[in-house]
Amino acid sequence: MKLSAVFSSSCYSSAIAKNALQPPSLVTLPASAFLPPLSRKLSCRHGVSYNRLSFRGNSSFSSTAISSSKSDSQSQGSESFFRDTLRSMETVYLNRNPTAKSILELVSSIDDEQICYDHLAFRTFGVNGYGINSLASLFLDYGYTQKEELRFPAKKLKALWFSPPNSSSQDGGSGVNGPLPRVFISELLVDQLSPRAQEIIRKYTKKSGSGNKYAAFASALGSLTWEKPLYSEFQQLAGESEYAAWTLVNGYALNHVTISTHRLKSNLRNIKSLNEFIKKNGFKLNSDGGVLKVSPDGLLLQSSTVADSMPFSFSDGVVESVPCSYIEFAERLVLPQYKNLSESEIKESHRRDGFEVGNADKIFESTSKEQLTRRA
């Protein structure tokens with residue numbers, strides 16, 4: 001079985017798919033483009049109704065109908081809208097990042113796999129209201145809970161992660177049609193940068209006006225909320241903070257999705273086996289700190305590919321390749337107190353939760369020039 005899906009609304013599909021394939025820039029869409037696609041049910045062997053996904057061609061994700069114990073139809077409608085938003089973010093991500101699309105399709109082809117996401121990750125500027133809160137509000141409104149803060153002093157970053165509502169833990173469905181993932185949002189501590197770098201970032205966020213209020217829209221449309229920058233300014237930021245340069249040209253676009261390896265059914269559920277499988281199929285993995293990143297407690301194992309690149313048209317007419325996104329893999333091992341549970345009894349709540357600064361610090365390097373230009 002291949003994951004497959006189509007947009008039910010042709011206007012919505014064509015508008016989003018068209019802009020997902022363009023370099024990050026300001027775009028204008030007709031009002032009808034914001035109408036959600038119609039639901040289309042498919043049966044699932046786990047007894048949960050969901051839509052199959054497609055990672056072929058201009059992948060698009062139609063609305064999903066998820067079996068739920070909720071009796072309030074308005075709540076179900078809210079979840080449907082929320083998932084439609086995530087699907088649009090995912091569509092932009094897949095159309096800009098052929099490596100992620102190919103790997104998702106490749107893994108899903110093994111033993112009829114259904115892919116669950118461990119987390120979605122975003123980058124932001126911590127200035128003028130454009131930081132973590134600009135995106136976090138969407139997830140908090142739809143039942144997510146704020147968890148721990150992580151600090152990355154050398155990179156001048158901080159991050160917060162958010163756990164999904166308990167009602168999202170149902171089995172069945174792939175990608176954003178499956179259990180809702182954790183969310184990891186980082187922000188650049190702009191005040192700690194050089195005066196020139198601060199000036200550039202503040203210039204564009206100021207020109208954006210109230211664009212921070214529409215961060216989720218921008219992510220779902222693949223659009224910047226500020227004007228396209230000058231190439232010289234991109235270079236200036238890249239020399240000081242590659243994170244800053246990435247955010248300047250990608251904005252609120254989904255930075256990466258993460259496959260939850262332990263939820264796979266084949267031997268690929270072991271992250272070491274998955275890493276070997278990915279490399280044998282010709283994909284390059286982030287080697288910073290070693291291909292496999294392991295938390296101090298040994299219970300959180302992570303790896304990632306090197307980011308794809310795409311041409312970007314700067315405001316001064318220069319067209320240059322810039323880093324886009326990548327795909328990550330995470331295996332969460334069972335906590336010591338639950339080691340005696342049988343495999344059939346183990347749930348996600350029995351596994352190591354949260355994130356680890358040391359691991360995440362190395363995963364950030366997936367978009368670095370050093371990794372992108374590495375020969376092997």
* Which pairs, with at least one residue in residues 182-194 and sequence neighbours excluded, count as a side-chain hydrogen bond (donor to acceptor under 3.5 Å, both in side chains)? -> Asp118-Arg182, Arg182-Glu348, Arg182-Asp353, Ser186-Tyr243, Asp191-Arg202, Ser194-Glu240
* Ignoring hydrogens and angles, tell me if any N or O in the side chain of Gln198 forms a donor-acceptor pair with the backbone of Leu193 under 3.5 Å. => yes
* Do the side chains of Ile327 and Asn97 get nearer than 4.5 Å, heavy atoms only? -> no
* **Gap separating the CG atom of Asn177 from the CD1 atom of Ile115, nearest 0.5 angstrom** => 12.0 Å
* **Side-chain (Thr85) to main-chain (Phe81) donor-acceptor, under 3.5 angstrom** => yes
* Main-chain N/O of Val357 paired to Asp361 side chain as donor or acceptor, under 3.5 Å -> no
* Can you find a heavy atom in the side chain of Val190 that is under 4.5 Å from one in the side chain of Thr205? -> no
* Is a side-chain N or O of Glu331 found less than 3.5 angstrom from the main chain of Ile271, in a donor-acceptor match? -> yes
* Work out which heavy atom in Gly251 is nearest to a heavy atom in Trp246; give both atom names and the distance. => O-CZ3, 3.9 Å
* Verdict with supporting geometry, Glu199 and Lys203, salt bridge (charged side-chain N to carboxylate O under 4.0 Å, His left out) -> CA-CA 6 Å; Glu199 180 185 352; Lys203 167 186 171 181; over 6 Å; no
* Asked: Cation over ring, Lys207 on Tyr204, under 6.0 Å and within 45°?
  -> yes
* Side-chain heavy atoms of Ile110 within contact of Leu264, under 4.5 Å -> no
* Are the side chain of Thr261 and the backbone of Ala330 linked by a donor-acceptor contact shorter than 3.5 Å? -> yes
* May I ask you to decide whether Glu370 forms a salt bridge with Arg374, counting only side-chain N to carboxylate O separations under 4.0 Å? => no
* To do: Treat each ILVMFWY residue as a node, draw an edge where side-chain heavy atoms are under 4.5 Å apart, and state whether Tyr93 and Val249 are in one component.
  => yes
* Asked: Does some side-chain heavy atom of Asp288 sit less than 4.5 Å from a side-chain heavy atom of Ser368?
  -> no
* Verify whether one side chain among Glu345 and Ser342 offers a donor that lies under 3.5 Å from an acceptor in the other. => yes
* Is Glu113 reaching over with its side chain to a backbone N or O of Lys265, donor-acceptor style, under 3.5 angstrom? -> yes
* Under a 4.5 Å side-chain heavy-atom rule over Ile, Leu, Val, Met, Phe, Trp and Tyr, are Leu189 and Trp161 clustered together? -> no
* Asked: When the ring planes of His119 and His256 are compared, do they come out parallel, tilted or perpendicular, using 30° and 60° as the limits?
  -> perpendicular
* Arg123 charged N/C atom sitting above Tyr130 aromatic ring, 6.0 Å / 45° -> no
* Asked: What pair of heavy atoms forms the shortest contact from Gly354 to Arg332, and how long is it?
  -> O-NH1, 2.8 Å
* Which heavy-atom pair separates Glu105 from Ser108 by the least distance, and what is that distance? -> O-OG, 2.8 Å
* Determine, stepwise, if the pair Ile185 / Asn133 fulfils side-chain contact (heavy atoms from CB on, under 4.5 Å). => CA-CA 9 Å; Ile185 308 176; Asn133 290 342; over 6 Å; no
* Is there a side-chain contact (heavy atoms from CB on, under 4.5 Å) between Asn128 and Asn212 once you walk through the steps? -> CA-CA 8 Å; Asn128 299 335; Asn212 58 311; over 6 Å; no
* Under 3.5 Å, is there a donor-acceptor pair between the Thr367 and Glu242 side chains? -> no
* Verify the cluster assignment for Val127 and Tyr252: are they in a single hydrophobic cluster under the rule of side-chain heavy atoms below 4.5 Å apart? => yes
* To do: Output yes when a side-chain donor or acceptor of Ser295 lies under 3.5 Å from a complementary backbone atom of Leu300, and no otherwise.
  => yes
* Asked: Are Phe329 and Leu94 connected, step by step, through hydrophobic side chains (Ile, Leu, Val, Met, Phe, Trp, Tyr) whose heavy atoms are closer than 4.5 Å?
  -> yes
* Say whether, by atom type as modelled, one donor and one acceptor occur between the side chain of Gln371 and the main chain of Ser287 under 3.5 angstrom. => yes
* Asked: With side chains defined as the heavy atoms from C-beta onward, is the minimum distance between Ser241 and Lys156 less than 4.5 Å?
  -> no
* Asked: Any side-chain heavy-atom pair from Leu230 and Phe314 closer than 4.5 angstrom?
  -> no
* Identify the residue among Val257, Ile363, Thr99, Leu285 that makes a side-chain contact (heavy atoms from CB on, under 4.5 Å) with Tyr326. => Ile363
* **Backbone N/O of Thr124 and side chain of Thr247: donor-acceptor pair under 3.5 Å** => no
* Asked: With a 4.5 Å heavy-atom cut-off, do Leu333 and Asp297 have their side chains touching?
  -> no
* Asked: Does Glu90 come within less than 4.0 Å of Arg87, counting only side-chain N to carboxylate O?
  -> no
* To do: Please examine the side chains of Phe122 and Leu254, heavy atoms only from C-beta on, and report whether any two atoms are closer than 4.5 Å.
  => yes
Would you list the atom pairs, donor with acceptor, under 3.5 Å between side chains in residues 137-146 and any protein atom, with sequence neighbours excluded?
residue : atom : partner : partner atom : Å
Tyr144  : OH   : Pro181  : O            : 2.7

* Any link between Val334 and Leu299 through a network of hydrophobic side chains (Ile, Leu, Val, Met, Phe, Trp, Tyr) touching at under 4.5 Å? -> yes
* Among Phe184, Phe364, Phe152, Phe162, find the one that has a ring-ring contact (aromatic ring centres under 6.0 Å, His included) with Phe355. => Phe184
* Short side-chain to backbone donor-acceptor contact, Ser366 and Thr305, under 3.5 Å -> yes
* Would Glu276 and Lys279 pass as an ion pair if we require N to O under 4.0 Å? -> yes
* Lys280 atom NZ, over 12 foreign heavy atoms within 6.0 Å -> no
